Asker: 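To start, I am sharing the structure in question, which I have written as structure tokens.
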Amino acid sequence: MFDLRPTIHTFLRPSGCTRAVVPSGVPGRSRLATAAFATFLTACGSDESTAPSPAGSIVVTPAALVMGLGTSRQLSASVLDGAGENVPGAVVSFTSSDTGRVSVSAQGLVSYLEAGEAEITVSSDDLLAVVPYRGLRAGHPLGTAMTATRLPGDLDGDGPFGTAIDGDGRILISQTHGGRLASTLYPDTGFATLELEGTPASITLLGEGTALITPTGPENDRVTVIEVSSERVLAQVPLDVPAYSAVTSPDSETAYLGTNDGRVLEFDVASSTVAGFIDLGVPKSRANHLALNPAGTLLYVSSFTSGTVSEIDLATRSVARTFVVGGEPQGLAVSHDGAELYVADESGPGDIDIYDLTGNALVASLPSGATSSGGGPFGLAMSPDGAKVYVGVITGDGPGLIQVIDVATHRIERTITSCGGIPRRIAFGYSGGLAVIADETGCANFVE
């Protein structure tokens with residue numbers, strides 16, 4: 001279900017002055033294919049009226065590759081004759097244009113070696129196909145490439161909200177208006193969807209190729225566990241309350257679920273059961289966003305209804321501190337040294353606040369860029385290398401913004417315009433080379 005749709009991208013090798021043929025209707029020939037085609041025409045002359053050869057083509061899946069550190073992807077190639085039928089016993093070979101950047105085995109297994117661009121040539125006798133390859137640097141996205149796509153559904157794409165990316169580049173986006181999960185393998189050529197019901201707003205990866213989506217079900221009081229590669233539902237677990245946020249412990253043994261009644265539920269991953277809960281002890285609180293410190297020993301919980309952030313000591317399963325930050329705290333992130341807490345305050349035009357956790361002090365408050373009281377920052381995530389914080393900002397009267405904060409200087413170093421007006425949750429993938437921001441107006445941003 002996650003395979004990219006194949007694209008036929010074929011040309012013939014030259015033989016004497018036989019014209020090279022590129023099938024019509026093939027979009028976006030690579031530079032290598034285009035240059036080779038032009039060379040063949042120059043060598044043979046351009047005044048011949050030779051008809052295109054019916055020799056056939058090669059179908060390669062996926063048609064393009066974007067990969068990150070430590071990843072491999074399998075190419076599949078089929079040789080077709082002029083009638084579009086498989087050629088039995090056809091031998092296919094694979095070649096990398098830059099073996100220092102990307103390797104490919106005789107069986108078509110492509111492995112990341114270094115960031116940058118290259119091409120994989122797939123050949124069989126006189127037929128060639130070229131698969132463009134791009135390797136992403138680890139750490140955090142440079143932001144030099146930003147693309148977007150509209151998700152399936154109604155005019156607002158059924159409300160893209162939560163997002164996650166697994167180690168193979170599979171992107172999961174919850175559609176909170178339509179009660180569905182959308183999925184694709186990056187680079188996107190079309191999302192598949194899975195019906196979950198409810199208003200799914202948060203996704204967390206559990207390890208062993210599984211993920212948890214919440215809240216789901218007709219009464220909005222369940223969590224759903226799926227196998228990511230197949231989208232097979234493994235469990236639907238009833239809760240006694242909707243849970244709109246989730247995060248997984250570093251050992252993947254426990255998922256923490258933030259509820260509408262001011263609690264954090266402890267979800268045992270192995271048994272898919274709720275093992276207990278921790279009460280925040282704050283009246284009228286809703287645990288809307290969660291963040292763990294890097295050691296996985298402290299859990300931070302924001303409540304926009306009470307203007308508080310709670311610090312939970314997971315060893316004692318109790319609230320260690322409660323910060324009355326005021327406003328409407330939403331997204332959270334903790335610096336890699338555990339010393340600073342980043343908070344998206346959605347109240348009014350909103351600010352992005354940075355707190356010193358040791359001194360219990362506000363050390364910086366950055367204007368979010370929202371232009372009216374109907375906007376403000378919501379989703380917030382720390383890049384895997386701890387160098388940048390990405391913040392999605394609803395402006396209130398135009399396209400949303402993605403603010404990129406430099407952790408070392410506490411400054412907004414880059415502003416990216418969202419594909420829609422309501423950017424929500426943010427996830428990083430490919431060891432930090434890719435950021436995905438769901439936008440509730442119906443699209444998703446991909447930042448490389």
Side-chain angles (χ1 to χ4, degrees), residues 1-13 20-23 25-37 55-81 84-136 147 165-171 183-192 209 228-231 429-431 433-434 446 448:
M1 183 171 293
F2 287 97
D3 285 344
L4 296 176
R5 293 176 293 187
T7 297
I8 299 175
H9 191 90
T10 310
F11 60 89
L12 298 176
R13 298 180 190 271
V21 177
V22 180
V26 177
R29 291 199 300 269
S30 69
R31 293 190 303 273
L32 177 60
T34 303
F37 183 46
S57 57
I58 301 178
V59 178
V60 184
T61 304
L65 289 170
V66 177
M67 294 168 56
L69 181 67
T71 60
S72 295
R73 291 278 296 280
Q74 180 66 50
L75 289 176
S76 173
S78 299
V79 178
L80 307 180
D81 62 20
E85 300 294 330
N86 280 305
V87 177
V91 177
V92 178
S93 62
F94 302 86
T95 306
S96 168
S97 67
D98 188 338
T99 55
R101 181 161 288 162
V102 57
S103 68
V104 59
S105 72
Q107 293 74 37
L109 182 65
V110 180
S111 298
Y112 175 103
L113 297 177
E114 190 176 274
E117 295 186 352
E119 290 175 326
I120 306 297
T121 299
V122 186
S123 62
S124 179
D125 292 330
D126 289 337
L127 299 174
L128 296 178
V130 177
V131 177
Y133 164 88
R134 187 164 68 255
L136 303 181
T147 58
I165 313 170
D166 77 356
D168 294 325
R170 294 184 180 90
I171 296 170
S183 57
T184 191
L185 190 58
Y186 193 75
D188 166 54
T189 58
F191 278 86
V228 175
S229 61
S230 66
E231 284 190 321
Y430 286 138
S431 301
L434 173 70
F446 306 119
E448 295 178 10

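Just so it is clear, the structure is predicted and the values come from calculations on it, not from any experiment. Here, residue 1 is the first one in the sequence, and each next residue gets the next number.
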Asker: So which heavy atom on Gly100 is nearest to which on Leu113, and how close?
Answerer: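 Scanning both residues completely, I find the closest heavy atoms to be O-CB, 3.6 Å.
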Asker: Whether the side chain of Ser105 engages the backbone of Leu109 through a donor-acceptor N/O pair (distance < 3.5 Å, no angle test) should be reported.
Answerer: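 Yes.
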Asker: Does Ser124 use its side chain to pair, donor to acceptor, with the backbone of Val91 at less than 3.5 Å?
Answerer: yes
Asker: With a 4.5 Å limit on heavy-atom distance, are the side chains of Val130 and Ile120 in contact?
Answerer: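 No - every pair of side-chain heavy atoms lies 4.5 Å or more apart.
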Asker: Do side-chain atoms of Asp168 reach the backbone of Arg170 as a donor and acceptor pair under 3.5 angstrom?
Answerer: no
Asker: Are Ser103 and Ser96 linked by a side-chain donor-acceptor pair shorter than 3.5 Å?
Answerer: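 The answer is no; no qualifying pair exists.
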Asker: Could you check whether any side-chain N or O of Tyr112 sits under 3.5 Å from a backbone N or O of Leu136, counting only pairs where one atom can act as donor and the other as acceptor?
Answerer: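 Yes, the answer is positive, given that a donor and an acceptor are paired below the 3.5 Å cut-off.
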Asker: Ignoring hydrogens and geometry, is there a side-chain-to-backbone donor-acceptor pair from Glu448 to Thr147 under 3.5 Å?
Answerer: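 Such a contact is absent between Glu448 side chain and Thr147 backbone.
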Asker: What are the two closest non-hydrogen atoms of Ala129 and Val60, and how far apart are they?
Answerer: CB-CG2, 3.8 Å
Asker: Once you round to the nearest 0.5 Å, how far does CG of Asp98 lie from OH of Tyr133?
Answerer: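 So the CG of Asp98 and the OH of Tyr133 are separated by 9.5 Å.
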Asker: Answer yes or no: is there a side-chain heavy-atom contact under 4.5 Å between Tyr186 and Ile165?
Answerer: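 Answer no - side chains too far apart.
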Asker: Tell me the closest heavy-atom pair linking Phe94 and Gln107, and the distance in Å.
Answerer: CE1-C, 3.8 Å
Asker: Can a donor-acceptor pair be found, under 3.5 Å and without considering hydrogens, that links the side chain of Arg101 to the backbone of Glu117?
Answerer: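 Yes, because the side chain of Arg101 sits within donor-acceptor range (under 3.5 Å) of the backbone of Glu117.
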Asker: For Asp81 and Val87, which heavy atoms make the closest approach, and how far apart are they?
Answerer: N-CG2, 3.6 Å
Asker: Using the rule given for side-chain contact (heavy atoms from CB on, under 4.5 Å), can you reason through Val110 versus Leu65, listing the C-alpha separation, both sets of side-chain angles and the distance that settles it, and then say yes or no?
Answerer: CA-CA 9 Å; Val110 180; Leu65 289 170; 3.8 Å; yes
